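Model, not experiment: these values are computed from the prediction. Below, chain A is the first sequence line, B the second, and so on; all start at residue 1.
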2 protein chains.
Amino acid sequence: MKVSELSDRSGLPVQTIKYYIREGLLPKGAATAATRAEYGDEHLDRLRLIRALREVGDLPIASVKRIVGAVDDETVGLHDLLGTAAYALSPPAEPRPDDPGWRAAREDVDAIVAELGWRVTPDTPTRDLLAQAFLALRRLGLPIVWSDLRPYIEAATIIAEHEIRAVPTEGERGRAVQTAVATNVLYEKVLLALRRMAQEDASARRFGDAGRDRAPASEGDASRGTRPG
Amino acid sequence: MKVSELSDRSGLPVQTIKYYIREGLLPKGAATAATRAEYGDEHLDRLRLIRALREVGDLPIASVKRIVGAVDDETVGLHDLLGTAAYALSPPAEPRPDDPGWRAAREDVDAIVAELGWRVTPDTPTRDLLAQAFLALRRLGLPIVWSDLRPYIEAATIIAEHEIRAVPTEGERGRAVQTAVATNVLYEKVLLALRRMAQEDASARRFGDAGRDRAPASEGDASRGTRPG
DNA sequence: CGCCATTAGATAGTGACACTCTCCGATTAT
DNA sequence: ATAATCGGAGAGTGTCACTATCTAATGGCG
């Protein structure tokens, strides 16, 4: 198919498709002449993956590029691929070894990982991410206690076990790999949305439902009361 | 204290503090003269909250503004406050009622909520967020089945129950409210980090640990193999 | 065969965002 | 008295993800 058709079928402007090609997210079409190229279904699939990662996963272009690079690399195994996706998902979260608070938070993280016996890369940015959250909590006067963490660990374990069990190991590699990455990113959003709804439900049951029929604190209006009367 | 001291103690440039005041995230200091104002501990606390929401929660300024607006509004109850925080956390996730795929995804979401009996606002953006993820999954040829969703629902329930139970209902309102919001936002990140680590552990146990001693697919390098030999 | 629409490829521009800089006149500690 | 600091406001900066424009070369219809 031609670009215009790819554009129609994907719903993306031609300019955006060109941009993705320039950035290396999407392979060029097979050139049939100096000003003509042919695109196939694999381009459409790739565009759908890109849009899923961008719109739902909210990943920056650079991260999407890393992920599709790993997807395209036949030598990358599934374990490493998941690692790459996790890597790409993490915001920078720069460690600051000079900050003593940071060091302490990071040591807490390492201690927890060791305690759980998890086989996690020692220098993965995920550890820094968790340390960053710990540090922020402590700064706000909300230290982390084991009993607070337990439910999260339990939940994370339930989910991760299921997810890794569901990773497809047979069939065409490209397909399996795309599935693994997409589910990893998209189900993160599913989890967060479900958590919010479960919170709302639990909150409604605990605090009653006065004002439940109205959305809370709308745009540009946060300083007014929620109760109408 | 003066701005310069507030700047030193918070670690933020004076310019940034002024910017937050301009944007309405931080109240002005009490003016002691035309060119002098006095800041207190509440300003420092607020700055810490803002930075936590920005750096760890990665929330845009506009969302932080909505949250602190709700925190400052004495008439907003805890239930609504949590709703506001959830609202603010959601990226736009614009619904498109014209798209039949979208409608179907949204109906799936509503059916699930009804099935679970959750008391969730009918028009909350969280539903749209979940529908967006469902739609993207379906577009990628990965339809959602109940058995895939179950672990996420279970995990979300475990966490939400714990979180709502932990919301402080006594003590100074400002403090309680800040705690509720901050834990909501920050523990989201804790959960995500723990999920990634649990995934890595489960993946290592399932797929073996070849190449585990090396970070996967580093920056600008995603197209090379991970296995050294 | 002629002509207008389309295309590849490159360069430049846009709008949103979160600061960051500069300037002003007033004030204040030394 | 005077150099430094302050509050307040406007303009400038860098990044990001597109989006628009331009050029030259086809493609396909009449």
Side-chain angles (χ1 to χ4, degrees), chain A residues 1-40 43 46-47 49-68 88 91-92 94 219-220, chain B residues 1-40 43 46-47 49-68 88-89 91-94 219-220:
Chain A
M1 72 186 95
K2 299 181 289 187
V3 239
S4 53
E5 193 180 345
L6 186 62
S7 168
D8 286 346
R9 287 226 256 161
S10 67
L12 291 169
V14 172
Q15 299 299 344
T16 302
I17 294 172
K18 286 184 173 187
Y19 168 68
Y20 288 158
I21 293 173
R22 275 205 302 282
E23 294 298 313
L25 306 192
L26 183 71
K28 291 196 223 189
T32 61
T35 67
R36 207 107 327 189
E38 184 68 14
Y39 300 87
H43 291 92
R46 172 57 53 88
L47 282 178
L49 177 61
I50 293 171
R51 289 322 289 174
L53 296 179
R54 287 277 312 124
E55 290 172 11
V56 186
D58 205 31
L59 298 188
I61 292 292
S63 301
V64 176
K65 182 176 180 176
R66 284 219 297 283
I67 291 178
V68 301
E94 55 201 81
E219 182 77 38
Chain B
M1 70 188 95
K2 297 181 290 186
V3 237
S4 54
E5 194 180 345
L6 187 62
S7 167
D8 286 345
R9 287 226 256 161
S10 66
L12 292 169
V14 172
Q15 302 298 345
T16 302
I17 294 172
K18 287 183 173 186
Y19 167 68
Y20 289 158
I21 294 173
R22 275 208 300 281
E23 293 299 312
L25 306 192
L26 184 71
K28 291 196 220 186
T32 60
T35 68
R36 206 103 331 187
E38 184 68 13
Y39 298 88
H43 291 93
R46 172 56 55 87
L47 282 177
L49 177 61
I50 293 171
R51 290 322 289 174
L53 297 178
R54 288 274 314 124
E55 288 171 11
V56 186
D58 205 32
L59 298 189
I61 292 291
S63 300
V64 176
K65 184 175 178 177
R66 286 220 294 284
I67 291 178
V68 300
L89 278 166
E94 54 201 79
E219 183 79 37

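- When Ile21(A), Leu6(A), Val3(A) are each tested for a side-chain contact (heavy atoms from CB on, under 4.5 Å) with His43(A), only one passes: Leu6(A).
- When the nucleotides dA9(D), dT19(D), dT27(C) are ranked by their closest atom to the side chain of Ala34(B), dT27(C) comes out on top.
- What separates CG of Leu6(A) from C1' of dA8(C) is a distance of 14 Å, to the nearest Å.
- Under 4.0 angstrom from either OP1 or OP2 of dC21(C) there lies no side-chain N or O belonging to Tyr19(B).
- For Gln15(B) against dC21(C), a side-chain N or O and a base N or O form a donor-acceptor pair under 3.5 Å.
- The Ser4(B) side chain lies nearest to dT5(D) when the options are dT5(D), dT7(C), dT28(C).
- Here the side chains of Arg9(B) and Met1(B) are in contact, with some heavy-atom distance below 4.5 Å.
- Where Pro60(B) and Arg36(B) each meet DNA chain C at their nearest nucleotide, the meeting point lying more 5' is that of Pro60(B).
- Spacing between atom CG of Leu12(B) and atom P of dA18(C) amounts to 15 Å, rounded to whole angstrom units.
- Close to dT20(C), at under 4.0 Å from its OP1 or OP2, lies a side-chain N or O of Thr16(B).
- Between the C1' atom of dT20(C) and the CD atom of Glu23(B) lies a distance of 13 Å, rounded to the nearest Å.
- Residues Tyr19(B) and Gln15(B) have side chains not in contact (no heavy-atom distance under 4.5 Å, counting atoms from C-beta outward).
- Rounded to whole Å, the distance from CD on Glu38(B) to P on dT27(C) is 17 Å.
- Taking 4.5 Å as the limit, some side-chain heavy atom of Ser10(A) sits within range of a side-chain heavy atom of Ile17(A).
- Computed from coordinates, the Lys2(A) NZ to dA8(C) C1' distance equals 14 Å when rounded to whole Å.
- The base of dA8(C) lies close enough to the side chain of Lys18(A) for a donor and an acceptor atom to sit less than 3.5 Å apart.
- Where Arg22(B) and Ala37(A) each meet DNA chain C at their nearest nucleotide, the meeting point lying more 5' is that of Ala37(A).
- The phosphate of dC18(D) (OP1 or OP2) has a side-chain N or O of Arg51(A) nearer than 4.0 angstrom.
- Side-chain polar atoms of Arg51(A) and Tyr20(A) form a donor-acceptor pair below 3.5 angstrom.
- The CD-P distance, from Glu5(A) to dG27(D), rounds to 17 Å in whole Å.
- Between Met1(A) atom CE and dT7(C) atom C1' the separation is 16 Å, expressed in whole Å.
- Checking the phosphate oxygens (OP1, OP2) of dA18(C), no side-chain nitrogen or oxygen of Tyr20(B) falls inside 4.0 Å.
- Atom-to-atom, NE2 of His43(A) to P of dT7(C) comes out at 15 Å; the value is rounded to the nearest Å.
- Residue Thr35(A) has no polar side-chain atom (N or O) positioned under 4.0 Å from OP1 or OP2 of dA24(D).
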